[in-house]
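The figures here come from the full heavy-atom set of this structure, side chains too, leaving out hydrogens, waters and symmetry mates.
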Amino acid sequence: MSEKSCQGSTSSSNPPMGAVTICVSPRVLFNMETQPFSPGPAFSFVKVLEVVNKELRKLCPESKELIKVVIITNDQINVCQRLIEDHKLFIELRSMEDGESLIDVLKANHADLYLSDKSTEVEEALGGGIAAATMFTPEKMAAVSETQLRVAFDGDAVLFSDESEQVFAREGLDKFNEHEKTHENTHMNQGPFKGFLEALGKLQKKFYDKGQRKKCPIRTYLVTSRGAGSSGTRALKTLRSWDLEMDEALLRSGAPKGPMLEKIRPHIFFDDQMFHVEGANAVGVVACHVPYGKWVSS
């Protein structure tokens, strides 16, 4: 089982099975508005990915199943190349050619995630079936782990579809709770970030299969407004039905998420409601808005 956990496809036309590709705009990796260009909100996230890759290489020296980061730009290729070299980043640079669309470039790179500061780019990526989010910069970013990647996800309209949130938006909390109780054993449809969580889970499993769960350099969190009753149970049952697990599931029962995120200190947090994105930013957590589905909070 240990050997199998390190194996994967090495076709030249496709990335290895289980590899994770994260594409970013240069404007979230670096602050491009002022000179000298300082690290942007995605910088710590990208740096810790290099640590994860180092641990993956130690675990499975022959495997190519690593995390790849690609900067996608159309007009700052030279600046980006210099910044990559100055900061000694092990990432790739992809220049968009005339006539190429963003979604074409993302699909050509087999992107599992796209991060940008422009909501129009994010909406285009989501429309093309790629997990994407608009990244915001806290006024003062909290210190984060340099040895363990920590990723926090909201549930509805992020990992799951927005079906239940539509019920809440139309009919209120009581009808939402009634709906969740009725459908407690009905698994929810997947949301835009299910595939990204799945990709991280495959990398985590490599460590689990070799008895190194406690040493795994990737940790995931579910931080949801759902409570501990039927609504929370439904979320956890849905994850189990996908054969996915979170390291921690934090059911907030409608309480603000900021205080809990301040304790977790994830490198990145994804939520579909700006209220929670702003709450995370207020405590120094880098948060991203996922404008998914018909029910989108402004």
Side-chain angles (χ1 to χ4, degrees), residues 131 133 149-202 204-205 208 213 216 218-283 285-297:
L149 168 64
R150 299 177 185 175
V151 184
F153 301 86
D154 179 29
D156 295 273
V158 178
L159 292 177
F160 314 123
S161 73
D162 66 338
E163 166 210 340
S164 296
E165 287 200 338
Q166 289 188 50
V167 173
F168 176 79
R170 290 193 310 264
E171 304 179 55
L173 181 59
D174 289 343
K175 287 293 184 181
F176 167 82
N177 287 330
E178 181 181 322
H179 178 272
E180 295 308 294
K181 185 175 182 179
T182 301
H183 295 86
E184 181 177 323
N185 295 311
T186 303
H187 302 142
M188 289 180 279
N189 293 321
Q190 69 180 56
F193 276 72
K194 187 252 190 177
F196 179 54
L197 174 61
E198 189 172 39
L200 291 179
K202 287 179 181 178
Q204 286 179 304
K205 195 172 186 298
Y208 302 167
R213 179 179 287 267
C216 181
I218 303 171
R219 192 166 182 84
T220 57
Y221 303 82
L222 173 66
V223 185
T224 174
S225 293
R226 288 171 175 263
S230 296
S231 64
T233 299
R234 188 182 184 202
L236 298 179
K237 285 183 176 180
T238 297
L239 288 172
R240 283 196 292 270
S241 75
W242 295 340
D243 196 26
L244 293 176
E245 58 179 296
M246 312 294 288
D247 291 292
E248 291 187 44
L250 306 167
L251 309 176
R252 301 297 294 151
S253 299
K257 299 179 182 180
M260 186 59 68
L261 290 167
E262 187 175 21
K263 293 179 181 179
I264 297 171
R265 295 202 175 188
H267 293 83
I268 195 165
F269 168 58
F270 300 102
D271 202 293
D272 71 304
Q273 297 189 51
M274 280 302 301
F275 171 78
H276 293 305
V277 171
E278 292 164 356
N281 283 168
V283 298
V285 172
V286 174
C288 304
H289 182 233
V290 182
Y292 171 75
K294 299 177 181 177
W295 192 82
V296 181
S297 178

Taking Ser231's backbone N and O only, do any of them form a donor-acceptor pair with Arg226's side chain (distance below 3.5 Å, no angle check)?
yes

With distance as the sole test, does Arg252 use its side chain to make a donor-acceptor pair with the main-chain N or O of Pro256 at under 3.5 Å?
yes

Passes side-chain contact (heavy atoms from CB on, under 4.5 Å), Ser225 versus Lys257? Steps please.
CA-CA 8 Å; Ser225 293; Lys257 299 179 182 180; 3.5 Å; yes

From CA spacing to verdict: side-chain contact (heavy atoms from CB on, under 4.5 Å), Glu165, Asp272
CA-CA 10 Å; Glu165 287 200 338; Asp272 71 304; 2.7 Å; yes

Nearest 0.5 Å please: distance from the CG atom of Asp243 over to the CD atom of Glu198.
9.0 Å

Going by salt bridge (Lys or Arg N to Asp or Glu O under 4.0 Å), name the residues that satisfy it together with Glu248, two or more places apart in sequence or in a different chain.
Arg219

Residue pair Phe269 / Asp154: nearest heavy atoms and the distance that separates them
CE1-N, 4.0 Å

Salt bridge present between Asp247 and Arg150 (N-O < 4.0 angstrom):
no

With no hydrogens and no angle check, is any side-chain donor or acceptor of Gln204 less than 3.5 Å from a backbone partner on Ile218?
yes

Is there a side-chain contact between Tyr292 and Phe193, using heavy atoms and a 4.5 Å cut-off?
no

Can you list everything that forms a salt bridge (Lys or Arg N to Asp or Glu O under 4.0 Å) with Lys237? Sequence neighbours excluded, please.
Glu184

May I ask you to test the Phe270-Leu159 pair for a side-chain heavy-atom distance under 4.5 Å?
no

For residues Ala152 and Val223, report the shortest heavy-atom separation together with the two atoms involved.
CB-CG2, 4.1 Å

Kindly give the heavy-atom pair with the smallest separation between Met246 and Leu197, and that separation in Å.
SD-CD2, 3.6 Å

Residue pair Phe153, Leu200: steps toward the side-chain contact (heavy atoms from CB on, under 4.5 Å) verdict:
CA-CA 12 Å; Phe153 301 86; Leu200 291 179; 4.3 Å; yes

Just wondering, do Asn177 and Lys181 contact through their side chains at under 4.5 Å, heavy atoms?
no

For the residue pair Phe176 and Phe168, categorise the inter-ring angle as parallel (less than 30°), tilted (30 to 60°) or perpendicular (more than 60°).
perpendicular

Do Pro266 and Leu261 come within less than 4.5 Å of each other through their side chains, counting heavy atoms only?
yes

Could you state the interatomic distance from NE2 (His183) to CD (Glu178), rounded to the nearest 0.5 Å?
10.0 Å

Nearest atoms (heavy-atom pairs only) where Leu251 meets Ala228
CD1-CA, 3.8 Å

Arg234 side chain reached by His179 side chain, heavy atoms, under 4.5 Å
yes

How long is the gap from CG on Leu250 to OG1 on Thr224, to the nearest 0.5 Å?
10.0 Å

With heavy-atom distances below 4.5 Å as the criterion, would you say the side chains of Asp156 and Met188 are in contact?
yes

Looking at Pro192 and Val290, what are the two nearest heavy atoms and their distance?
CG-CG1, 4.1 Å

Which value, rounded to the nearest 0.5 Å, describes the distance between His276 atom NE2 and Asn281 atom CG?
13.0 Å

Sequence neighbours excluded, the answer for salt bridge (Lys or Arg N to Asp or Glu O under 4.0 Å) partners of Arg213 is Glu245

Sub-4.5 Å side-chain heavy-atom contact between Leu244 and Thr220:
no

